[in-house]
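We number each residue from 1, following the sequence as shown.
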Amino acid sequence: MVYKHPSKSNIVILTGAGISAESGLSTFRDENGLWCQHRIEDVATPEGFRRDPQLVHRFYNQRRAQLKDVKPNAAHLALAEWERRWKEEERGNFLLVTQNVDDLHQRAGSRNIIALHGELLKARCSHTEKVMAWSEDLATDLPCACCGNPGAMRPHIVWFGEMPLEMETIYAALSECDMFVSIGTSGTVYPAAGFVMEARRNQKARTVEINLESSGSPYFHEVFEGKASQLVPNLANSIS
């Protein structure tokens, strides 16, 4: 199928853990992944960090270390190339919103990205809220690169009970998009699960889901079941 778009057309892409799973990163629900070894309350909440910061740092240090062993796959690369072409041809806005905290989209070449759940390769000062690039381990006795206080740095991750990042920008893009594509996400975690509904509000957006299995949402015009590494390049190449 070939999608014909107006000369100016705005696109919003949402990606979830499914797109990175093909690169070898375990998802939240994997039976043998890091998540299955810990309670969410212990490693993914502000309360858990206050209660046992050493455990939380150890958990995210492990996740950060995993990034060295994985590479972007064909789906990541196709999205980066799609964005590059859209910008080069001045076709309109192209925004990639990811629920993932890895850096695979960035390494593939995507540039206009919002990581609404934060990033593993960044740290945040608990006192000043300044965010900084960080690729090494974090620890409770490590002086903060911002304020100098030991243990002041925390992972730049949005934990349960915290507000996802740049929501106003995302909703503004959804209100003006002509195409919304959801890739590799279960459609159960809000607010991202509601993005397709927001896109449909403007009446003009074409909504597409790519997933191993359909989320069952009635708000998608089209659903393609299969691997993102195969389906995303096909979709990107079909857009004219």
Which pairs with one or both residues in residues 113-140 pass ring pair (Phe, Tyr, Trp, His ring centres under 6.0 Å), sequence neighbours excluded? none
Return the set of residues passing side-chain contact (heavy atoms from CB on, under 4.5 Å) with Lys122 (not counting sequence neighbours), or none when no residue passes. Glu119, Val131, His156
Near Lys130 NZ, under 6.0 Å, is it more than 12 heavy atoms from other residues, nucleotides or ligands? no
For Ser229, side-chain hydrogen bond (donor to acceptor under 3.5 Å, both in side chains) partners two or more places apart: Glu22
Among all residues two or more places apart in sequence or in another chain, which pass the salt bridge (Lys or Arg N to Asp or Glu O under 4.0 Å) test with Glu168? none
Is any side-chain N of the basic residue among Arg201 and Glu198 closer than 4.0 Å to the acidic one's carboxylate O? yes
Ser215-Ser217 side chain donor-acceptor pair, cut-off 3.5 Å: no
Sequence neighbours left out, what pairs pass salt bridge (charged side-chain N to carboxylate O under 4.0 Å, His left out) with at least one residue falling in residues 179-195? none
Are Asn73 and Ser23 close enough that a side-chain donor and a side-chain acceptor fall under 3.5 Å? yes
So, do Leu235 and Ile183 sit near enough that their side-chain heavy atoms are less than 4.5 Å apart? no
Please name all residues satisfying salt bridge (Lys or Arg N to Asp or Glu O under 4.0 Å) with Glu166, sequence neighbours left out, ordered by chain then number. none
For Ala108, all residues meeting side-chain contact (heavy atoms from CB on, under 4.5 Å), sequence neighbours excluded: Pro72, His76, Leu77, Ala80
Residue pair Val232 / Ala78: nearest heavy atoms and the distance that separates them: CG1-CB, 4.0 Å
Residues 187-196 vs salt bridge (charged side-chain N to carboxylate O under 4.0 Å, His left out), sequence neighbours excluded, gives none
Enumerate the residue pairs fulfilling side-chain hydrogen bond (donor to acceptor under 3.5 Å, both in side chains) with a member in residues 42-54, sequence neighbours excluded, ordered by first and then second residue. Arg39-Asp42, Asp42-Arg51
Could I get the full list of side-chain contact (heavy atoms from CB on, under 4.5 Å) partners for Glu176, not counting sequence neighbours? Asn10
Holding to side-chain contact (heavy atoms from CB on, under 4.5 Å), I want the full list of residues that pass it with Val56, two or more places apart in sequence or in another chain. Phe49, Tyr60, Trp159
For residues 134-158, pull every pair meeting salt bridge (charged side-chain N to carboxylate O under 4.0 Å, His left out), keeping only residues two or more places apart or in separate chains. Arg154-Glu162
For Arg58 and Asn61, which I'm curious about, is there any donor-acceptor pair between the side chains at under 3.5 Å? no
